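Since this is a predicted model, take the numbers as computed values, not measurements.
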Amino acid sequence: MLRPRFGATEGLAAPSPSNPVRAERFYAYYEPDDWRRRLEGAGFEVLRLASVRLDAADAAARCNAGGSGFIHSTARAG
């Protein structure tokens, strides 16, 4: 199956005992500025955007390969 390329990295994350979702999941990782541009480009008003960078060990345990943290965002249709 072909998958689109998004963000800095992307891939499939296997199910894990620490996550209640028991299925393989697709992830795409973005840099915060890129994510903001994508939201605004799609017509959203960004109300809040915060990024959380994890140390290498925590990122390895919580993110798929290449991920380094999370972006939390709140936006509304413009």
*Linking Ile, Leu, Val, Met, Phe, Trp and Tyr through side-chain heavy atoms less than 4.5 Å apart, which residues share a cluster with F70?*
V52, L54
*Return the set of residues passing side chain to side chain contact (heavy atoms under 4.5 Å, CB included) with D33 (not counting sequence neighbours), or none when no residue passes.*
R37
Compile the donor-acceptor pairs under 3.5 Å between side chains in residues 40-50 and protein atoms, sequence neighbours left out, one pair per line.
| residue | atom | partner | partner atom | Å |
| --- | --- | --- | --- | --- |
| E45 | OE1 | R76 | NE | 3.0 |
| E45 | OE1 | R76 | NH2 | 3.2 |

*side chain to side chain donor-acceptor pair (under 3.5 Å) with S73: which residues, sequence neighbours excluded?*
W35
